[in-house]
Amino acid sequence: MIGRTLAIDYGLKRTGLASCDPMGITAQPLPAIVSSSLSDTVVAVLAHVKERQIVRLLIGMPYMPDGREGEQAQNVHLFIDACRKALPDGFDIQHQDERHTTKEAHMLLKETGLKGKKKKAVLDSTAAVIILREFLATNC
């Protein structure tokens, strides 16, 4: 795999981001996008794509525990559709099961001692790092 991937933990208010190096070896969290507007979130993602020379979006898909798609998954599909419309034809957009990533992010951050607003500010991007690490582990 060559090129940078931008992992996204999409949320209606806060969207976590993480990116990898061009060789797909390391995953780093990026500041979350705080926005309640789908279009503003897409614009912010596009800025990251351009600035970081991203070649692939990896979007976490919040499946229900039984594997079905719930209400939040429908919001993610709307986000994916908006990204597809805004990016060049053929841009690589993939999604990955993100069940349990937020729980895992909570556990990781608990070990750091972060609490309250500081923890909330990095939770979604930590979940995006987990999504990206799982992807890199199986695709590189």
Side-chain angles (χ1 to χ4, degrees):
M1 172 169 97
I2 303 295
R4 295 180 194 270
T5 298
L6 181 66
I8 302 171
D9 181 30
Y10 178 73
L12 295 177
K13 294 180 182 177
R14 181 178 320 241
T15 298
L17 302 175
S19 69
C20 66
D21 62 283
M23 297 304 294
I25 297 170
T26 62
Q28 304 87 23
L30 301 171
I33 299 167
V34 179
S35 170
S36 58
S37 162
L38 173 65
S39 60
D40 288 349
T41 302
V42 171
V43 167
V45 166
L46 294 176
H48 281 285
V49 167
K50 184 177 180 180
E51 176 184 328
R52 299 177 188 287
Q53 300 175 335
I54 300 296
V55 299
R56 174 181 311 100
L57 295 184
L58 177 65
I59 302 169
M61 185 59 70
Y63 293 108
M64 305 286 283
D66 64 3
R68 290 181 301 120
E69 291 186 1
E71 184 178 330
Q72 182 57 15
Q74 298 309 311
N75 293 324
V76 172
H77 282 296
L78 292 173
F79 174 71
I80 290 171
D81 290 344
C83 288
R84 283 196 200 287
K85 289 177 185 171
L87 289 163
D89 286 344
F91 191 91
D92 190 4
I93 300 176
Q94 299 181 33
H95 60 83
Q96 179 166 306
D97 188 346
E98 70 162 29
R99 281 180 282 187
H100 312 296
T101 57
T102 301
K103 184 177 180 180
E104 188 175 340
H106 273 290
M107 290 172 36
L108 285 171
L109 293 174
K110 184 178 181 181
E111 294 173 12
T112 69
L114 284 178
K115 294 182 181 181
K117 290 182 181 181
K118 289 182 180 180
K119 181 178 177 182
K120 187 176 182 178
V122 298
L123 179 65
D124 297 303
S125 290
T126 302
V129 168
I130 294 166
I131 293 166
L132 183 53
R133 284 182 180 167
E134 289 175 3
F135 175 80
L136 295 173
T138 58
N139 292 285
C140 290

Please check if [X] and [Y] belong to a single hydrophobic cluster, counting links between Ile, Leu, Val, Met, Phe, Trp and Tyr side chain heavy atoms closer than 4.5 Å.
X: Leu30; Y: Leu87; answer: yes
X: Phe135; Y: Val129; answer: no
X: Ile33; Y: Ile59; answer: yes
X: Ile54; Y: Leu136; answer: no
X: Val43; Y: Leu12; answer: no

Atom [atom1] of [X]: over 12 foreign heavy atoms under 6.0 Å:
X: Gln53; atom1: CD; result: no
X: Asp89; atom1: CG; result: no
X: Arg52; atom1: CZ; result: yes
X: Glu51; atom1: CD; result: yes

Taking the side chain as every heavy atom from C-beta outward, state whether [X] and [Y] have any pair of such atoms under 4.5 Å apart.
X: His48; Y: Leu17; result: yes
X: Tyr10; Y: Val45; result: no
X: Gln96; Y: Leu132; result: no
X: Glu69; Y: Tyr63; result: yes
X: Ile80; Y: Met61; result: yes

If only atom types and distance count, is the side chain of Thr5 paired as donor or acceptor with the main-chain N or O of Cys20 below 3.5 Å?
no
Is Arg99 reaching over with its side chain to a backbone N or O of Pro65, donor-acceptor style, under 3.5 angstrom?
yes
Can you tell me how far apart [atom1] ([X]) and [atom2] ([Y]) are? Round to the nearest 0.5 Å.
X: Thr15; Y: Asp9; atom1: OG1; atom2: CG; answer: 7.5 Å
X: Leu6; Y: Leu46; atom1: CG; atom2: CG; answer: 10.5 Å
X: Met64; Y: Gln72; atom1: CE; atom2: CD; answer: 11.0 Å

If you take all heavy atoms of [X] and [Y], which pair is closest and at what distance?
X: Val55; Y: Phe91; result: C-CZ, 3.6 Å
X: Val42; Y: Ala86; result: CG1-CB, 3.9 Å
X: Ala32; Y: Ser125; result: N-OG, 3.6 Å

Any donor-acceptor N or O pair under 3.5 Å, side chains Ser37, Ser35:
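The answer is no; no qualifying pair exists.
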